Undergrad: 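The structure under discussion is supplied below as structure tokens; questions concerning it will follow.
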Amino acid sequence: MAPTISTSAHESNSTDLISFVVHQGNGVKGLADMGLKDLPKQYIQPLEERISGCNVLPEVAIPVIDLSDSDDPKVAGAICDAAEKWGFFQVVNHGVPVEVLEKVKEATHRFFALPAEEKKKHSKEHSPTNNVRFGTSFTPHAEKALEWKDYLSLFYVSDHEANAFWPSACKDEAMEFMRGSETLAKRLLDALTKRLNVEELDEDKQLLLMGSRRINLNYYPICPNPELTVGVGRHSDVSTLTILLQDDIGGLYVKKLDQHDTWVHVPPISGSLVINVGDALQIMSNGRYKSVEHRVMANGSKNRISVPLFVNPRPSDVIGPLPELLKNGEKPIYKQLLYSDYVKHFFRKAHDGKETIEFAKI
Ligand code: OGA
Ligand code: NI
């Protein structure tokens, strides 16, 4: 452990802190494990980015949709309405076995409990593949203030590749979550695209909407002065859809559409999954479905984990408003662009709310 990081680290030397957290693989968990008393200044967010200062509506919640009756057209309607009006909803009776969810949560704790030297083997500098990435914050080199989060990001290419490179502490459980969510993803996209005049999710459409997967294991350790920082800053996801598993701690906030800086909390519901529209679906639906800003508050007394599964187009896909929409004379507001260019643009900068999608506007 780096002796230069004092437990009262407001004034820690910046190079030492970045080296300890980012380069030596200790992450913010390493700081939390030291029993840090004060938040290091590198994590202090400007006032406008802090959740403590924003307007949260306590009585309002995103829709909760029961998926148990797969033939009920009202269910499909509720999914589409939620994707238009909220961009976010929770699903219960979704068909992903509860054991699969419990196991991937345990695996997340197991991975982050590994010593820094083990986790560091999967960092950008040390991982033998770009498809596995252990890291901290979002884009530390591009950020004015850091985010209080460590993560492991796993991009699925093939079973063979995953078997070779995904960390053994969580490999099987992450794969099971990914596989177990396949039918759910397909069902949601089926409902959503029907409203866009897509008659049938044929193989090509399926590949375009859900041809690649990324699963992240997020770890938000106990934070001194959580009100001064964020777990994740304001952003929208670049996915088609995100299927997010959160534990029972809470802290995810979603912006209310068409209201200035007004947010709602996403309360943990045991066994549920949180679904959100990503930028790729906003683009393909020509703005009908909304990828909405969200952020995570740091927690002063509990370690929180979450496991988002990003259901994406393939990097080599060209995405744009679907032809089924444009053929009726609708004017496209987004251009056709290579999905990998869009994703690269997202990862080049710090989290900045809904800015990324400007890149796709005509
Ligand atoms: C994300 C995200 C929310 C959470 O990883 O993109 O928004 O609750 N996570 O961790
Ligand atoms: Ni997100």
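Read the numbers this way: they start at 1 and go in the same order the structure lists the ligands and their atoms. In this text the structure is predicted, and so the values were computed from the model without any measurement. Excluded from the calculations below are hydrogen atoms, water molecules and symmetry mates; all remaining heavy atoms, backbone and side chain alike, are included. Residues: numbered from 1 along the sequence shown.
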Undergrad: Mind checking what residues have non-hydrogen atoms under 4.0 angstrom from ligand 1?
TA: Asn218, Tyr220, His235, Asp237, Leu244, Leu252, His294, Val296, Arg304, Ser306, Pro308, Phe310

Undergrad: So, do Leu244 and Leu252 sit near enough that their side-chain heavy atoms are less than 4.5 Å apart?
TA: yes

Undergrad: Keeping Ser127 on the side-chain end and Thr129 on the backbone end, is there a donor-acceptor pair under 3.5 Å?
TA: yes

Undergrad: Should Val28 and Phe134 be regarded as members of a common hydrophobic cluster, given that ILVMFWY residues are connected when their side-chain heavy atoms come within less than 4.5 Å of each other, either directly or indirectly?
TA: no

Undergrad: Between Thr262 (side chain) and His260 (backbone), is there a donor-acceptor pair under 3.5 Å?
TA: yes

Undergrad: Are any side-chain N or O atoms of Gln90 and backbone N or O atoms of Pro267, one a donor and one an acceptor, separated by less than 3.5 Å?
TA: yes

Undergrad: Side chains of Ser68 and Asp66: any donor to acceptor distance under 3.5 Å?
TA: yes

Undergrad: Of His235, Gln282, Glu293, which meets side-chain hydrogen bond (donor to acceptor under 3.5 Å, both in side chains) against Lys354?
TA: Gln282

Undergrad: Counting no waters, what protein N/O/S atoms lie under 2.8 Å from the Ni ion (ligand 2)?
TA: His235 NE2, Asp237 OD1, His294 NE2

Undergrad: What are the two closest non-hydrogen atoms of Ile18 and Leu146, and how far apart are they?
TA: CD1-CD1, 3.8 Å

Undergrad: Would you check if there is a donor-acceptor pair between the side chains of Asp279 and Ser236 at a distance under 3.5 Å?
TA: yes

